[in-house]
*Asks:* 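Right, I'll just put the structure down here and ask away after.
Reckoned from all heavy atoms, side chains included, excluding hydrogens, waters and symmetry mates. What you see is a predicted model; the values in this text were computed from it and never measured. Counting starts at 1 for both ligands and their atoms, in listed order.
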Amino acid sequence: MKKYNKDWLKNKTVVISGASSGIGKGIAKILITKYNCKVIGIGRNKEKMLNLIEELKENSNNFSYQLFDVSKEENWHKFYDYLTSNNIKIDILINNAGTLPPFSKESNFTIEDVKNTFDVNFFSYIFASKILMPNLLQSNTPAIINMCSSDALCPLVGTSSYSASKGAIKNYTEVMHEENKNIYVGLICPGFIKTDIFRNQKQKTSKLIDFFSMDLCKASKKIVKGIKKLKKRYVVGFDAKFMDFMYRHFPKFSLKFFRFVFKKSGINLFSDVFN
Ligand SMILES: NC(=O)c1ccc[n+]([C@@H]2O[C@H](COP(=O)([O-])OP(=O)(O)OC[C@H]3O[C@@H](n4cnc5c(N)ncnc54)[C@H](OP(=O)(O)O)[C@@H]3O)[C@@H](O)[C@H]2O)c1
């Protein structure tokens, strides 16, 4: 049995997908500056990676990056070969890259839209976990953390494909957790967090959503704390906890309740859903 003591996060080598911005970047910064981890960040945007390096200042030696599309299986094989040829042993994989399609009615999404969402939010996590597993298992404290969403705990109108992709990774991760006793497998379910994930929306986020959204720095600290405590399933934020509670206790009512709230509040983000 592998050993995870209270300082297990220190000095680890961590792979984070989607480290170029938002939550992935926030987590990378904390792991590097507070836990002296070496982070290999994955994303597609070189400029954003260079910004992160600049922000890390004297700690930037502990960050390196690889640019590739995480939704393509062959890219993970190439990444595995890169690790092997450079003799890099990893301890932790944080599957965090994600995409949020514009909020819209299910009938407006094409098959291609749904596939693209699953390719990033679900299949990239499976590719990474399966392909990197032989490398991870050489660690004394191997860990896989999958970034989920409160939308997997309580599906919201307008988010059919996103919610389904997050629901799929939630169930997959929970089964992995039960089946793997030699590796810590954790699931993080954040509520709204202030990042650029809404950039693809046709409308700006509303005051109501901004009010509930957690500051990125605070959210990143909480997430790292949850990982350190080896949480099996970590729900982050009041909104996420509320959604979790509502759907667990009042599954039918909660779907109608949130639909009603979004409709009545006239949030522009949902205009395609209610028109
Ligand atoms: N923000 C929230 O309110 C919230 C709530 C619940 C869950 N989450 C989840 O948290 C995770 C991070 O989201 P975020 O809010 O930090 O969003 P974000 O700021 O948009 O960051 C998304 C990251 O994913 C990367 N990415 C996306 N598609 C990729 C692809 N095909 N290949 C490689 N990298 C890709 C992006 O990198 P490049 O731009 O460099 O490609 C970026 O670094 C996501 O899984 C999201 O679903 C977010």
*Asks:* What atoms of ligand 1 come closer than 4.0 angstrom to any heavy atom of Ile23?
*Replies:*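 Listed by number with element: 10 (O), 16 (O), 48 (C).
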
*Asks:* Looking at Arg233 and Asp244, is any side-chain nitrogen of the basic one under 4.0 Å from a carboxylate oxygen of the acidic one?
*Replies:*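 Looking at Arg233 together with Asp244, the answer is yes, because their closest N to O distance falls below 4.0 Å.
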
*Asks:* Would you please determine whether Phe212 falls within less than 4.0 Å of ligand 1 on a heavy-atom basis?
*Replies:*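 No, Phe212 has no heavy atoms under 4.0 Å from ligand 1.
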
*Asks:* Identify whether the distance between the nearest side-chain nitrogen and carboxylate oxygen of Lys78 and Glu74 falls below 4.0 Å.
*Replies:*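 No, this pair does not count.
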
*Asks:* Closest non-hydrogen protein atom to atom 39 (O) of ligand 1, residue and atom name please, with distance?
*Replies:*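 Of every protein heavy atom, Lys48 NZ, 2.8 Å lies nearest to atom 39 (O) of ligand 1.
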
*Asks:* With atom 21 (O) of ligand 1 as the reference point, say which of Ser21, Gly22, Ala19 has the nearest heavy atom.
*Replies:*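 Shortest heavy-atom distance from atom 21 (O) of ligand 1: Ser21.
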
*Asks:* Out of all atoms in ligand 1, which are within 4.0 Å of some heavy atom of Val120? Include the element for each.
*Replies:*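 Once the distances to Val120 are compared, the set is 28 (N), 31 (N).
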
*Asks:* Side chains of Ser213 and Asp210 only: does a donor on one sit below 3.5 Å from an acceptor on the other?
*Replies:*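 Asp210 and Ser213 do not have a side-chain donor-acceptor pair below 3.5 Å.
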
*Asks:* Which of these, Ser220, Gly98, Gly237, has its nearest heavy atom closest to atom 22 (C) of ligand 1?
*Replies:*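 Nearest heavy atom to atom 22 (C) of ligand 1 lies in Gly98.
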
*Asks:* Would you mind running through ligand 1 and noting each atom that sits below 4.0 Å from a heavy atom of Tyr125?
*Replies:*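 Per the distance check, 45 (O).
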
*Asks:* Would you say Ser150 and ligand 1 have an N/O pair spaced under 3.5 Å apart?
*Replies:*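 N/O-N/O distance below 3.5 Å does not exist for this pair.
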
*Asks:* For Pro190, is at least one N or O under 3.5 Å away from an N or O on ligand 1?
*Replies:*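 There is no such contact.
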
*Asks:* Starting from atom 3 (O) of ligand 1, which protein heavy atom do you reach first, and at what distance in Å?
*Replies:*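 So the nearest neighbour among protein heavy atoms is Ile193 N, 2.7 Å.
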
*Asks:* Quick check: Phe212 with Phe192 (ring centres under 6.0 Å apart)?
*Replies:*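 Between Phe212 and Phe192, which both carry aromatic rings, the centre distance is not below 6.0 Å.
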
*Asks:* Between Asp69 and Asn75, is any side-chain donor less than 3.5 angstrom from a side-chain acceptor?
*Replies:*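 No, Asn75 and Asp69 have no side-chain donor paired with an acceptor closer than 3.5 Å.
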
*Asks:* Between Tyr162 and Phe103, is the gap from one ring center to the other below 6.0 Å?
*Replies:*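 No: the rings miss the under 6.0 Å criterion.
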
*Asks:* Using the rule that two of Ile, Leu, Val, Met, Phe, Trp, Tyr join whenever any of their side-chain heavy atoms come within less than 4.5 Å, decide whether Val157 and Leu255 are in one cluster.
*Replies:*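 Per the 4.5 Å side-chain linkage, Val157 and Leu255 are not co-clustered.
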
*Asks:* Could you tell me, atom by atom, which parts of ligand 1 come under 4.0 Å of a heavy atom of Phe192?
*Replies:*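 Close to Phe192: 3 (O).
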
*Asks:* Which heavy atom of Tyr184 sits nearest a heavy atom of Ile227, and at what distance?
*Replies:*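 In terms of heavy atoms, the two residues are closest at CE2-O, 3.7 Å.
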
*Asks:* What protein heavy atom is closest to atom 28 (N) of ligand 1, reported as residue, atom name and distance in Å?
*Replies:*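 The protein heavy atom lying closest is Arg44 NH2, 3.3 Å.
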
*Asks:* Return the residue, atom name and 0.1 Å-rounded distance of the protein heavy atom closest to atom 5 (C) of ligand 1.
*Replies:*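 For atom 5 (C) of ligand 1, the nearest protein heavy atom is Gly191 O, 3.0 Å.
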
*Asks:* Any idea which protein heavy atom is nearest atom 33 (C) of ligand 1, and the distance to it?
*Replies:*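 Going atom by atom, the protein heavy atom closest to atom 33 (C) of ligand 1 ends up being Phe68 O, 3.3 Å.
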
*Asks:* So which of Gln66, Met147, Lys194 gets nearest to atom 10 (O) of ligand 1, if we judge by its closest heavy atom?
*Replies:*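 Going through Gln66, Met147, Lys194 one by one, Met147 has the nearest heavy atom to atom 10 (O) of ligand 1.
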
*Asks:* Is a side-chain donor-acceptor pair under 3.5 Å present for Ser139 with Asp91?
*Replies:*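 Yes, a side-chain donor-acceptor pair sits under 3.5 Å.
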
*Asks:* Counting non-hydrogen protein atoms only, what is the nearest one to atom 7 (C) of ligand 1? Give residue, atom name and distance.
*Replies:*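 It is Cys148 O, 3.1 Å.
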
*Asks:* Under 3.5 Å, is there a donor on one side chain and an acceptor on the other for Lys89 and Thr13?
*Replies:*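 Note: Lys89 and Thr13 side chains miss the donor-acceptor criterion.
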
*Asks:* If we only count N/O pairs under 3.5 Å, is Val70 in contact with ligand 1?
*Replies:*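 For ligand 1, there is an N or O atom that lies under 3.5 Å from one belonging to Val70.
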
*Asks:* For atom 8 (N) of ligand 1, what is the nearest protein heavy atom, given as residue, atom name and distance?
*Replies:*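 Result: Tyr162 OH, 3.7 Å.
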
*Asks:* Side-chain donor-acceptor pair under 3.5 Å between Thr173 and Asn146, yes or no?
*Replies:*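 Yes - a donor-acceptor pair under 3.5 Å links their side chains.
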
*Asks:* Say whether Lys166 and ligand 1 are in contact under the criterion: heavy-atom distance to a ligand atom below 4.0 Å.
*Replies:*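 Yes.
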
*Asks:* Salt-bridged, Lys232 to Glu178, with N to O below 4.0 Å?
*Replies:*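 Looking at Glu178 together with Lys232, the answer is yes, because their closest N to O distance falls below 4.0 Å.
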
*Asks:* Give me the atom names and distance for the closest heavy-atom approach of Lys194 to Leu216.
*Replies:*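 Result for this residue pair: O-CB, 3.6 Å.
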
*Asks:* Please tell me whether Asp151 and Thr159 have a donor and an acceptor in their side chains that are separated by less than 3.5 angstrom.
*Replies:*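 Yes, Thr159 and Asp151 have a side-chain donor paired with an acceptor closer than 3.5 Å.
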
*Asks:* With respect to Gly18, determine whether any N or O atom, backbone or side chain, lies less than 3.5 Å from an N or O atom of ligand 1.
*Replies:*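 Between Gly18 and ligand 1, an N or O pair is found under 3.5 Å apart.
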
*Asks:* Which residue owns the protein heavy atom closest to atom 12 (C) of ligand 1, what's the atom, and how far is it?
*Replies:*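 Heavy-atom neighbour on the protein nearest atom 12 (C) of ligand 1: Asn96 OD1, 3.2 Å.
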
*Asks:* Going by the order shown, which atoms of ligand 1 are within less than 4.0 Å of some heavy atom of Asp69?
*Replies:*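 Going through ligand 1 atom by atom, the ones under 4.0 Å from Asp69 are 30 (C), 31 (N), 32 (N).
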
*Asks:* So, is Ser149 polar-close to ligand 1, with some N/O to N/O distance under 3.5 Å?
*Replies:*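 Looking only at distances, the answer is no, because the N/O contact criterion of under 3.5 Å is not met.
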
